[in-house]
Amino acid sequence: MNKNTIKTKRKYFPSEIEPKWRQIWEKEGINKFKENKGSKGKYYNLVELPYPSGDLHLGHWFSFALADVHARHKRMIGYDVFFPNGFDAFGLPAENAAIKRGVHPKDWTMKNIENMRKQFATMGTMIDWDYTAITCLPDYYKWNQWIFLKMFEKGIAYRGTALSNWCETDKTVLANEHIEGGKCWRCGNEVVQKEVEQWFLKITNYADELIWPQDPKVDWPKEVREGQNNWIGRSEGMLLDFEIVEKDRQDNKNKKSIKVFTTRPDTTDGATFMVIAPEHEFAAEIDLKDVSEYIKMSRKKTEMERKEDRTKSGIFTGRYVVNPVTDKQIPVWISDYVLAGYGTGAIMAVPFADERDREFAEKFKLPIIPTSFKSKPKGEKKVNYHLRDWSISRQRYWGTPVPIIHCESCGLVPVLEKDLPVELPYNVDYTPKGKPPLATDEQWLTAKCPKCGTEGAKRDAETLDTFFDSAWYYYRYVSPNYNNGPFEKSEVSKLMPVDVYVGGAEHTLGHTLYARFFTKFFKDLGLVGFEEFAKKRVQHGVILGPDGNRMSKSRGNVVNPDDVVKEYGTDTVRLYLSFMMPYEATAPWSTGAISGIYRFLKRIWEMSQNLEKMDLSTSDYNMMHRTIKKVGEDIDSFSFNTAVSTLMTWLNYLTEKGVSKQEFEVFLKLIAPFAPHFAEELYHSVVKSDNSVHLQEWPSYQSKYLTQEAVQVVVQVNGKLRDTVLVYSPKLKEQKLVEDLVKQSENVSKYLSGQKIRKVIYIEGKLINFVI
RNA sequence: GCGGACGUGGUGGAAUGGUAGACACGCAAGGUUUAGGACCUUGUGCCCGUAAGGGUGUGGGGGUUCAAAUCCUCUCGUCCGCACCA
């Protein structure tokens with residue numbers, strides 16, 4: 001080869017080929033989902049829908065680009081891959097941006113969606129955007145309201161109260177993360193714990209159904225199943241009555257008792273005192289200054305602070321109850337380590353058997369007496385759950401309006417189905433005003449009662465938790481324009497359940513549990529015919545900033561994928577994300593190793609211009625077929641990093657021995673899911689095909705090429721490696737032959753000479769171990 | 001506190017009972033006039049040795065096994081979630 005030919009060679013410039021191919025794919029519609037293309041049926045490839053924060057970040061790339069690798073491989077092996085995407089477009093950030101910058105939440109959100117759609121294009125995925133859902137549009141949230149009303153009708157959605165973080169100034173409930181040092185993040189005033197009336201979903205009705213069986217029919221990670229089961233926290237026990245000893249014993253008519261829930265009724269004889277939560281109704285009856293001060297103090301602590309506080313605090317109420325087993329009077333204490341929201345908010349303390357009770361008894365010098373573990377108190381059997389009903393009320397603007405009208409004479413009246421959606425008004429003052437933003441719009445707020453026709457009834461001014469929106473969006477994807485229900489049943493029965501659901505581990509206890517709950521509710525309505533919405537769940541890790549911390553604007557450690565793409569191209573970034581770490585891992589981003597991937601692509605590019613005419617040897621075929629098998633299996637199991645390293649190993653082999661067109665074509669097909677533009681470009685120039693590489697069949701491997709002619713057998717003496725001996729495969733079946741063969745090795749014989757061999761362990765084709 | 005996960009070279013990681021460190025980054029030495037992010041060769045856990053080779057080694061202790069990064073047990077450490085962030 002002379003210098004002239006070198007000069008005419010084309011070099012690899014991602015920026016020249018990537019936009020070109022995306023345009024061609026778009027024009028030819030190769031990523032449009034149409035049924036009955038493949039021979040293996042449908043494959044619903046789902047990724048958690050993104051929040052439109054404004055920019056795609058590396059986390060989105062990690063989710064979507066790698067799920068796309070998986071999807072593309074599925075398509076090549078013959079599935080009709082359904083890969084939609086949408087936006088989880090309601091939520092607080094839009095409202096914050098609006099307050100801070102004076103942009104309307106809707107405008108802010110829709111602009112972000114537009115921008116992110118453009119950024120998504122540069123990722124080179126096969127997402128078909130004809131199937132989508134944007135949760136803040138009336139077309140979508142109409143069905144939120146419809147589902148809510150079905151739940152209301154069935155008693156699943158109800159008004160209740162729960163202890164919540166409450167800001168008295170803004171008249172709003174706050175998330176734990178919106179409390180900074182006990183103060184409201186917006187107004188800076190003190191946050192208190194308060195019983196707040198709000199909408200709930202009775203997810204506890206489904207608690208037993210949501211518990212994962214030992215051996216589930218679907219493939220969800222064990223940590224998710226265990227995590228959810230622990231979260232549901234079913235425990236069987238008893239409700240026991242402890243009679244209150246009245247100060248004035250004459251008043252026996254109104255004898256009252258305090259109920260406790262216990263999982264260990266057999267230890268009741270060891271209960272030497274009772275502890276109730278500061279919010280317990282009995283605590284309010286105590287007219288002691290110290291007690292009311294203690295209650296006031298604990299109202300300032302969040303639930304988390306209470307759980308974390310290791311130095312137990314508490315105060316004696318001055319009152320007693322009767323232990324139903326021993327008949328003895330035991331004192332009643334108040335302490336905030338007892339939570340009002342769990343059980344009955346009161347516990348019988350058995351310091352002999354329970355560590356927390358013991359700490360408390362020791363601190364306050366309360367008696368500790370042994371329990372016989374044989375008590376059989378009278379009481380009602382009761383199953384208690386750690387899982388609480390799901391609070392879905394938000395005193396916010398940017399969400400789905402609750403489709404309920406409060407009528408003075410009829411109470412809570414559902415909006416008629418024909419009047420849905422209850423549209424979110426555009427011009428509303430959403431700055432904090434001490435009432436829900438929607439309540440400031442008198443005209444919107446006032447409505448006619450659908451039941452009695454009274455004018456002047458009020459609409460519910462709260463909006464739904466955005467987790468409500470995201471609990472069922474993947475149903476909407478299958479028929480996004482359907483007008484007669486949340487989704488078209490026939491389409492759902494064709495495409496659901498989801499085949500793989502890719503997302504983050506942070507959704508273990510929230511979103512994925514809610515989605516399962518909705519599916520079970522839909523099943524009860526007769527809308528779907530399956531128990532679980534996703535056959536498989538894959539949870540990926542987090543890419544941290546280069547400094548090892550979570551990426552955040554305030555830390556200034558955000559890596560913008562657009563910049564990396566500009567520098568190296570989409571294909572390099574996709575391959576690097578595949579290669580840098582296992583999909584489940586959490587690790588910092590580092591730019592160092594990315595050049596290795598870029599070099600890898602350049603070497604393949606160079607190789608495409610040096611294809612040789614050659615016959616392939618058996619070991620060439622071994623290498624090729626083993627690579628086909630391993631890469632396919634690894635992509636299927638989301639082990640992208642080892643799939644890429646397998647390709648690198650084959651490339652190293654081919655570089656050394658020279659590459660044929662046949663091998664190279666296979667190589668391109670194997671790398672196509674990772675580097676779609678790159679593979680397409682070379683496929684067209686080398687194979688001279690007009691068809692897309694992405695619509696080609698994935699190469700199949702032949703098992704005859706997976707076994708080699710000769711195998712390295714590891715020889716150990718007493719478990720220590722002494723040599724490896726090459727043995728021809730036909731001989732491997734005969735242990736005696738292998739034994740004799742390896743004994744000839746000098747390295748082995750020097751350890752065996754003069755020794756008595758007590759035992760020989762032979763693992764066919766792998767290892768032989770002499771025990772002496 | 002409760003629940004879950006994890007701990008392997010200078011770095012990311014591979015190996016799920018059978019050759020620890022694949023693959024890659026980095027580093028070192030050598031080669032090569034080397035502009036489209038250069039490339040090629042060799043080496044690279046640690047210790048002894050010119051080498052052959054030997055010893056040692058997967059947070060730490062103990063155990064099971066012919067054989068342990070992998071299984072069991074104790075211990076130390078790190079990370080994540082805990083209900084209104086999405």
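Letters A, B, ... are given to chains in the order of the sequence lines, protein chains preceding strands, and every chain is numbered from 1.
With sequence neighbours left out, A:Lys171 forms a salt bridge (charged side-chain N to carboxylate O under 4.0 Å, His left out) with A:Glu168. Shown here are the side chain to side chain contact (heavy atoms under 4.5 Å, CB included) partners of A:Ser391, two or more places apart in sequence or in another chain: A:Gln198, A:Phe200, A:Arg394. Residues satisfying the side chain to side chain contact (heavy atoms under 4.5 Å, CB included) criterion with A:His57, sequence neighbours excluded, are A:His60. For A:Asn112, the side chain to side chain contact (heavy atoms under 4.5 Å, CB included) criterion is met by A:Pro52, A:Trp108, not counting sequence neighbours. For A:Gln735, the side-chain hydrogen bond (donor to acceptor under 3.5 Å, both in side chains) partners two or more places apart in sequence, or in a different chain, are A:Glu739.
Residue pairs meeting the salt bridge (charged side-chain N to carboxylate O under 4.0 Å, His left out) criterion with at least one partner in residues 575-603 of chain A, sequence neighbours excluded, do not occur; the list is empty. Within the structure, salt bridge (charged side-chain N to carboxylate O under 4.0 Å, His left out) pairs that include any residue of residues 384-393 of chain A comprise A:Lys202-A:Asp389, A:Glu303-A:Arg388 (at least two apart or interchain). Identified under the salt bridge (charged side-chain N to carboxylate O under 4.0 Å, His left out) test for residues 503-516 of chain A, with sequence neighbours left out: A:Arg516-A:Glu532.
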Are any protein N/O atoms closer than 3.5 Å to N/O atoms in nucleotides 49-57 of chain B? If there are, list each pair with its distance.
unit_1, atom_1, unit_2, atom_2, d
B:G54, OP1, A:Tyr751, OH, 3.1
B:G55, OP2, A:Arg722, NH1, 3.4
B:U56, OP2, A:Lys720, NZ, 3.1

Which protein N or O atoms sit under 3.5 Å from an N or O of nucleotides 2-4 of chain B?
unit_1, atom_1, unit_2, atom_2, d
B:G3, O3', A:Asn230, ND2, 2.9
B:G3, O2', A:Asn230, ND2, 3.4

Mind listing the N/O atom pairs, protein and nucleotides 19-25 of chain B, below 3.5 Å?
unit_1, atom_1, unit_2, atom_2, d
B:A24, OP1, A:Asn652, ND2, 3.1
B:C25, OP1, A:Arg599, NH1, 2.8

Result block: side-chain N/O donor-acceptor pairs under 3.5 angstrom for residues 764-772 of chain A, not counting sequence neighbours:
unit_1, atom_1, unit_2, atom_2, d
A:Glu764, OE2, A:Lys733, NZ, 3.3
A:Asn769, OD1, A:Asn718, N, 3.4
A:Asn769, OD1, A:Gly719, N, 3.0

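Side chains of A:Trp166 and A:Gln193: a donor-acceptor N/O pair is absent below 3.5 angstrom, by distance only.
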